[in-house]
Amino acid sequence: MPQVSITVNGAGHTVDVEGRTLLVELLREKLRLTGTHVGCDTSQCGACVVHINGDSVKSCTILAVQCDGADVTTIEGLAKPDGTLHPMQEAFREYHALQCGFCTPGMVMSAVDLVAKNPQGLSEHEIRDGLEGNLCRCTGYHNIVKAIAAAQDLMHGRVTELARAAE
Ligand code: FES
Ligand code: FES
């Protein structure tokens, strides 16, 4: 059985996997990191998005053996060790950007990568475009976009705290 050495949220793991094991299965079933969700069988929903070496990837679309030596961050690794939320998580909370929460881990991970790679700032249209690989069955897109717009100002130091989401 192949062995995979992988760093997840800063911790090293060496795990025996089958050749057909997907990264999302390794994360959820071997490492018990169940914050990464599985919402489809068709690589469409984005609930499974994690970061691999700094890039957002649907973890149901890549084999675990392809991640040998990789540095992976899941939703569990986004907050600081003292529990301080990442600005994107803070913004999702502040702007009520979730309903059932099933899509939220993937939305947050995709949004963090999208914003990090666009320090010039994204318009509402560009945010919606950037999220086309993430589906929300509760259709709460309006507040998700508002949260990401606010988080990008926080992440890039244009504001130090979130405006109140009292609209
Ligand atoms: Fe990966 Fe839906 S579970 S895209
Ligand atoms: Fe329910 Fe998005 S909040 S699927």
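The residues of the chain are indexed from 1 along the displayed sequence. When a ligand or atom number is given, it counts from 1 through the structure's own listing order.
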With atoms numbered from 1 as shown, which atoms in ligand 2 lie under 4.0 angstrom from a non-hydrogen atom of C138? 1 (Fe), 3 (S), 4 (S)
Decide whether a cation-pi geometry holds between R128 and Y141; the criteria are a distance under 6.0 Å from NZ or CZ to the six-membered ring centre and an angle within 45° of the ring axis. no
Could you go through the side chain to side chain contact (heavy atoms under 4.5 Å, CB included) check for L122 and Q152 one step at a time? CA-CA 8 Å; L122 294 158; Q152 66 179 347; 3.5 Å; yes
List ligand 1 atoms under 4.0 Å from G46, heavy atoms only on the residue side. 2 (Fe), 4 (S)
Of all the atoms in ligand 1, which lie at a distance below 4.0 Å from a heavy atom belonging to G39? 3 (S)
Of the backbone and side-chain N, O or S atoms of C100, does one lie nearer to atom 2 (Fe) of ligand 2 than 2.8 Å? no
Quick test: of every protein heavy atom, which one is nearest to atom 3 (S) of ligand 2, and how far off is it to 0.1 Å? Q99 N, 3.3 Å
Can K30 and D16 be counted as an ion pair, charged N to O under 4.0 angstrom? no
Between C40, G133, C60, flag the one that comes closest to atom 2 (Fe) of ligand 1 by a heavy atom. C40
Looking at G101, which atoms of ligand 2 are within less than 4.0 Å of one of its heavy atoms? 1 (Fe), 3 (S)
Taking atom CD of Q66 as the centre, does the number of heavy atoms from other residues, nucleotides or ligands within less than 6.0 Å exceed 12? yes
Is there an N/O/S atom in C45 at a distance below 2.8 Å from atom 1 (Fe) of ligand 1? no
Protein heavy atom at shortest distance from atom 4 (S) of ligand 2: R137 N, 3.2 Å
Quick one: closest heavy-atom pair of S59 and V50, and the distance? CB-CG2, 3.9 Å
